[in-house]
Amino acid sequence: MSGRTPYYITTPIYYVNDAPHVGHAYTTIACDVMARFKRLDGFDVKFLTGTDEHGQKVQKSAEAFGTTPQELADKNSQNFRDLAKLLNVSNDDFIRTTEARHIKAVQFLWERLLESGDVYLGSYSGWYSVRDEAYYNEDELSVRDGKRFAPTGAPVEWVEEPSYFFRLSAYAEPLLKLYEEQPQFIMPSGKRSEVISFVKGSLRDLSISRTTFDWGIKVPGDEKHVMYVWLDALANYITAVGYPDTTGDFAKYWPADLHMVGKDILRFHTVYWPAFLMAAKLPLPRRVFAHGWWTVEGEKMSKSLGNVVKPADLIETYGLDQTRYFLMREIPFGNDGDFSKRAMAQRINVDLANGYGNLCQRVLSMIQKYHGGQLPAPEVLSDDDHALLNAAKGMLDAVRTELDVQAFNKALDAIWHVVDEANRYVQEMAPWTLSKTDTVRLGTVLYTLADVIRQLAIMTQPFMPETSNRILDLLVVPADQRGFANLAANPLTPGTILPPPAPAFPRFVEPEEAK
RNA sequence: GGCACCGUAGCUCAGCGGUAGAGCAGGGGACUCAUAAGCCCUUGGUCGCGUGUUCAAAUCACGCCGGUGCCA
């Protein structure tokens, strides 16, 4: 009885040569928020993440470590699996490009590309950067000390070898038509303009196989060649829904609703990938969203500066939900952002501890203090009560609208509007006075507040699952009544005995410098 | 070099033709349920510079300066 609408969302697959940093965490958390939101909103969600394991760079690293590429991949893939767990991410699958299911899918896809007539054997000569796993033109390079470097600063080497090519040049028109007809295929819109101008500037055919190393998926029927790592990698999105079997999960989930990517890999996802899919006669994903980068205290993150922020350290220092909240709230998704201790502490203290957390604490404490911990029953509702309840009622639509375009920060703004209204309501109703003058009215006020907190906690689940659930526990909301359908349908039951409250978000105090 | 985008309060940004806005930070006040939190009030900007269009310009056009991105 699955009448639920499917929703398929993916992170990029992370390259096993990298160590997990805050950028990986950011992408993954953003996807997790979307996935959790959609599930609570009644969708049948598939949320995929995983690792990209082939390529010359991995082979070289393995050689340098005196190990095999497979061993290196096994070890480092596990780091990303651990990261997902550490971040409390709710992915439904974790794909590795070295898995049999993927190799089978990619080889099948290759044959479809061959059939399309858009793959031909030629020979490639040009500059290649192993570090970037990308080809460059002569005029893009700079020369230092007699060596050539890509615009990214990565060294390049001259490669000359037989290679299969994909006739990407034939896809300029269809791609431009796609961008035109589906304006939200590439987001944010600034990135869309960049891709359009890139495609208009003429596309060259793409080399899609290599013969000078062998850590990759073999080209069917010509095993001297391994496939270009990006062709291999991009296909993970269809492997995970069962391709080449196009019934079952593929029929249900494909095309993907959202590929979330960092801005560095936008071109692969908005030019190469749709072109491959068109050639293979498969439906195209609905949206690719490119998010920005985080700097640290105003500086670019880099190994040489030694300022790379590790997710585990953030969680250790600030807490998991606090970190998730900060990353989603601090900047408009798509923009670059700056991570600073000051901004982090401010968000935690102002929004979480003083705003949301303290609201819960003061209300629940008053229920203990004035009502013996038993949830009061509401009597006649006043205009003030209705105003607050209506604000809460409006949250879901507002948040849904914002998350439909990945405006995580605006979604949180909308929720916090209600937090602020509720704190104001407490002040205006002054339950501490009512406790002496009008206990009937007191009961109504406290009940109203408790139910608004219930709705807030339901709404914050996608962003801060752990703490939200703790708040819902304090309100004794049954586990099966925490979906968005329960917002209006299942208000709190008067008379319920509530446990003694505990603060949801502690204030963050910078540890004293040890002297 | 070409094409985009950006330059608005100390900070981050919204507004994009009709008497300058929000959050945070700063200042003051009344309260006390609460995580010394919350609430109310408040200081603060010739909207990068210049010219033009218009009855009217942060808002449109052109030029310049400064910054960012993509491409070459």
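As the structure is a computational prediction, the values presented were derived from the model and not from experiment. Sequence lines set the chain letters: A, B, ... in the order given, protein chains first and strands last, and positions in each chain run from 1. Just so you know, these numbers use all the heavy atoms, side chains as well, and skip hydrogens, waters and symmetry mates.
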>> From CZ of A/F508 over to P of B/C24, roughly how many Å is that when rounded to an integer?
In response: 20 Å

> Once you round it to whole Å, what is the distance between P of B/C13 and CZ of A/R347?
Replying inline: 12 Å

> Looking only at heavy atoms, which two atoms of A/V271 and A/P274 are closest? And how far apart?
Replying inline: O-CD, 3.5 Å

>> Nearest whole Å is fine: how far is B/G10 P from A/R342 CZ?
In response: 14 Å

> On a whole-Å scale, what distance lies between the P atoms belonging to B/G7 and B/A61?
Replying inline: 14 Å

> Between A/D336 (CG) and B/C13 (P), how many Å, whole number?
Replying inline: 10 Å

> How far does the P atom of B/A9 sit from the matching atom of B/C47, given to the nearest Å?
Replying inline: 10 Å

> What integer distance in Å separates A/D351:CG from B/G23:P?
Replying inline: 12 Å

>> Suppose you measure atom P in B/G29 against the same atom in B/U35; what distance do you get, rounded to whole Å?
In response: 25 Å

> In whole Å, what is the span from the CG atom of A/L434 to the P atom of B/U32?
Replying inline: 13 Å

> Taking atom C1' in both B/A20 and B/C39, what distance in whole Å separates the two?
Replying inline: 27 Å

> Would you call the rings of A/F463 and A/F408 parallel, tilted or perpendicular if under 30° counts as parallel and over 60° as perpendicular?
Replying inline: perpendicular

>> With side chain to side chain donor-acceptor pair (under 3.5 Å) as the criterion, how do A/T28 and A/Y14 come out once you've worked through the C-alpha distance, each side chain's angles and the decisive distance to 0.1 Å?
In response: CA-CA 10 Å; A/T28 304; A/Y14 301 118; 2.7 Å; yes

> Along nucleotides 33-40 of chain B, 5' to 3', which nucleotides get a B, which get an S, and which get a -, given that the test is a protein heavy-atom distance under 4.0 Å?
Replying inline: BBB-SBSS

> Quantified in whole Å, what is the P atom distance between nucleotide B/C60 and nucleotide B/A22?
Replying inline: 23 Å

>> Taking B/G23 as the reference, what is the distance to B/U8 when you measure between their C1' atoms (whole Å, please)?
In response: 15 Å

>> With a sphere of 6.0 Å drawn around CD of A/E316, does it hold more than 12 non-hydrogen atoms of other residues, nucleotides or ligands?
In response: no

> For the residue pair A/Y318 and A/F508, is the inter-centroid distance of their aromatic rings smaller than 6.0 Å?
Replying inline: yes

> Syn or anti for B/A61, taking syn as within 90° of 0?
Replying inline: anti

> Quick one: A/L412 CG to B/A22 P, roughly how many Å, whole number?
Replying inline: 21 Å

> What interatomic distance, in whole Å, is found between C1' of B/A58 and the corresponding atom of B/U19?
Replying inline: 14 Å

> Where does the angle between the aromatic ring planes of A/W273 and A/H259 fall among parallel (under 30°), tilted (30 to 60°) and perpendicular (over 60°)?
Replying inline: tilted

>> Which is more 5' along RNA chain B, the nucleotide nearest A/E330 or the one nearest A/G201? Just name the residue.
In response: A/E330

>> For a stem of at least 3 consecutive Watson-Crick or G-U pairs with distances under 3.5 Å, i pairing with j, i+1 with j-1 and so on, which stems involve RNA chain B?
In response: B:1-7 with B:65-71, B:10-13 with B:21-24, B:26-29 with B:39-42, B:48-52 with B:60-64

> Does A/R454 come within less than 4.0 Å of A/D451, counting only side-chain N to carboxylate O?
Replying inline: yes

>> Using 30° and 60° as the class boundaries, would you call the ring planes of A/Y179 and A/F185 parallel, tilted or perpendicular?
In response: parallel

> Given the C1' atoms of B/C3 and B/U54, what is the spacing between them in whole Å?
Replying inline: 30 Å

> What is the distance from CG of A/L203 to C1' of B/C70, rounded to the nearest Å?
Replying inline: 14 Å

> Parallel, tilted or perpendicular: which describes the rings of A/H21 and A/H24, with under 30° parallel and over 60° perpendicular?
Replying inline: tilted

> Should the ring pair A/F268 and A/Y272 be called parallel, tilted or perpendicular, given that the plane angle runs from 0 to 90° and is split at 30 and 60?
Replying inline: perpendicular

